[in-house]
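Read through the structure below, which is laid out as C-alpha cells, and then see the notes.
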Amino acid sequence: METGQFPIDDLPGGLDLYRTLESGQTYLWHRDDGEMYSGTPSPESWYATVVDGDVIRVRTRNGILEWESTTDADPIVRRLVRLEDDLEAIVAAAPDDPLVADAYDAHRGMRLVEDPPFGCLISFICSAQMRVSRIQSMVSALAREYGDEIAFEGRTYHAFPTPAQLASATEAELRELGLGYRAPYVVRTAELVADGGAHPAEARDLEYEAAREYLTQFVGVGDKVADCVLLFSLGFDEAVPLDTWIKSAIEEYYPDCDRGSYAETSRAIRDRLGGEYAGYAQTYVFHHLRTGD
DNA sequence: GACCAGGTAGCAA
DNA sequence: TTGCTACATGGT
C-alpha cells in the first residue's frame, strides 16, 4: 500500500470532501462506511474510487487530506478533486450576485471534480429524470455487475466497467438493474465507444460549443448531459448544465436569461454567472438549492 | 395515487 | 428548427 497526504491549510479555499463528492457531480466514488447521500459521514470514513485499475481512498482528518492506494496516487488525487484550483480566487472573482454569493458562503471548500470521461458520460446518461441517490445506486450496480474486482486492504472494490465490458451487457440485463428506459442508451453508447466510433475524451480538444455538439452524438446525451460531462470531466469550467434546478433558478432569479432555446439561454446564463468559471458557480447554486442549506 | 427526479429520442408540423 | 409525447422507477 502506498500513502500520502496534503495539508488542507495549504489549499487556497480549502477542501470539503463531503460536499465535493456527495453534491451530485460524481457517481464514481463511494463511502466505505455505508451509503452515499444518506447522512453525513464521520471524519474517519474513507471515500474510494478505482482509476485505471488502481484503488484510491481519501479522507480528511485534522486538517489533512490523506490518501491510500495501490499506486502512487499523488497526481491522481490532485486531478480527481482538483487540488490545483485556486478556489479562493475563483470565489473572489465570482459575479456580484446574491444567490451565487449565498451558495459560495454556504458550501465553503466544495471543489469541482474531474471524473474519467467514460464513467462520467455513462453516469450522466443514467441521470436523466433521476434523483442523485438513485443515480449513485445505478452506477454502483453497473460497476458491481460488469467492472473488474480489485482487492485492497481486505476489501473488494469494483472498477467502473470499460466500454467493452459495458457493451457486452444487454438492454434486458440493464433494465433488470433498474436503469429503465436508459438501458438501451447505455448499451448503444458503450458500443459506440468500444467500437472506436467516438470517445468522449475527444471533445477536450474542441471549442466549448463544438465540444457540446460532439458529445450529443452519444445515445442518451442531449445538451444538458453533454454540459455535465464537459464540466465534471473535460475541464470546461464555463459549462452550465441547464437542469430542473437551474431552470427554476433562472425563472426566479434571472428571468431575462430565459431565451427560449437551450443554446441561447446557455449563453445568457453563462455570461451572468461569470463566464470563465460559470460552471463553478452553477455547481454551488445547484447544490445550494437542492439541499436547501 | 399523483407528483417528481441533474432529460432525451422520435416524430410531426 | 421547434414543439409535443412516451419513456422506467422508487421515494414522498
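Just so we're on the same page: letters track the sequence lines, and every chain starts at 1.
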May I ask you to say what Arg175(A) touches in the nucleic acid, namely base, sugar-phosphate or nothing, with a heavy-atom cut-off under 4.0 Å?
-> sugar-phosphate
Among the nucleotides dA8(C), dC4(B), dT8(B), whichever has the atom closest to the side chain of Tyr185(A) is dT8(B)
Testing Leu21(A), Leu17(A), Leu15(A), Asp16(A) for side-chain contact (heavy atoms from CB on, under 4.5 Å) with Arg19(A), which one passes?
-> Asp16(A)
With rounding to whole Å, what would you report as the distance between dA9(B) and dG10(C) at their P atoms?
-> 23 Å
Tyr18(A) ring center within less than 6.0 Å of Tyr47(A) ring center = no
Which nucleotide sits closest to the side chain of Arg188(A): dG7(B), dA8(C), dG10(B)?
-> dG10(B)
Under the ring pair (Phe, Tyr, Trp, His ring centres under 6.0 Å) criterion, do Phe160(A) and Tyr146(A) qualify, and how do the steps go?
-> CA-CA 8 Å; Phe160(A) 190 80; Tyr146(A) 300 101; 9.9 Å; no
Would you confirm whether the ring centroid of Tyr104(A) sits within less than 6.0 angstrom of the ring centroid of Tyr280(A)?
-> no
Length of the CE-P vector between Met130(A) and dC3(B), whole Å = 18 Å
If you count the non-hydrogen atoms of other residues, nucleotides and ligands that lie under 6.0 Å from CZ in Arg188(A), is the total more than 12?
-> no
Side chain of Lys224(A) (C-beta onward), nearest among dG7(B), dG11(C), dG10(B) = dG7(B)
Heavy atom of residues 256-265 of chain A under 4.0 Å from DNA chain B: which residues?
-> none
Quick one: does Val187(A)'s side chain get under 4.5 Å of Leu166(A)'s, heavy atoms only?
-> no
Distance, rounded to the nearest Å, where Phe286(A) contributes CZ and dA5(B) contributes P | 10 Å
What nucleotide, of dT9(C), dC4(B), dC7(C), holds the atom closest to the side chain of Tyr181(A)?
-> dC7(C)
Between Asp85(A) and Arg78(A), is there a salt bridge with N-O shorter than 4.0 Å?
-> no
Counting only side-chain N and O atoms of Gln129(A), is one of them less than 4.0 Å from OP1 or OP2 of dA5(B)?
-> no
With heavy atoms under 4.0 Å as the rule, sort Gly24(A) into base, sugar-phosphate or nothing.
-> base
Closest to the Val225(A) side chain, choosing from dT8(B), dA5(B), dA8(C) | dT8(B)
Using the C1' atoms only, state how far dA5(B) lies from dG3(C), rounded to an integer number of Å.
-> 23 Å
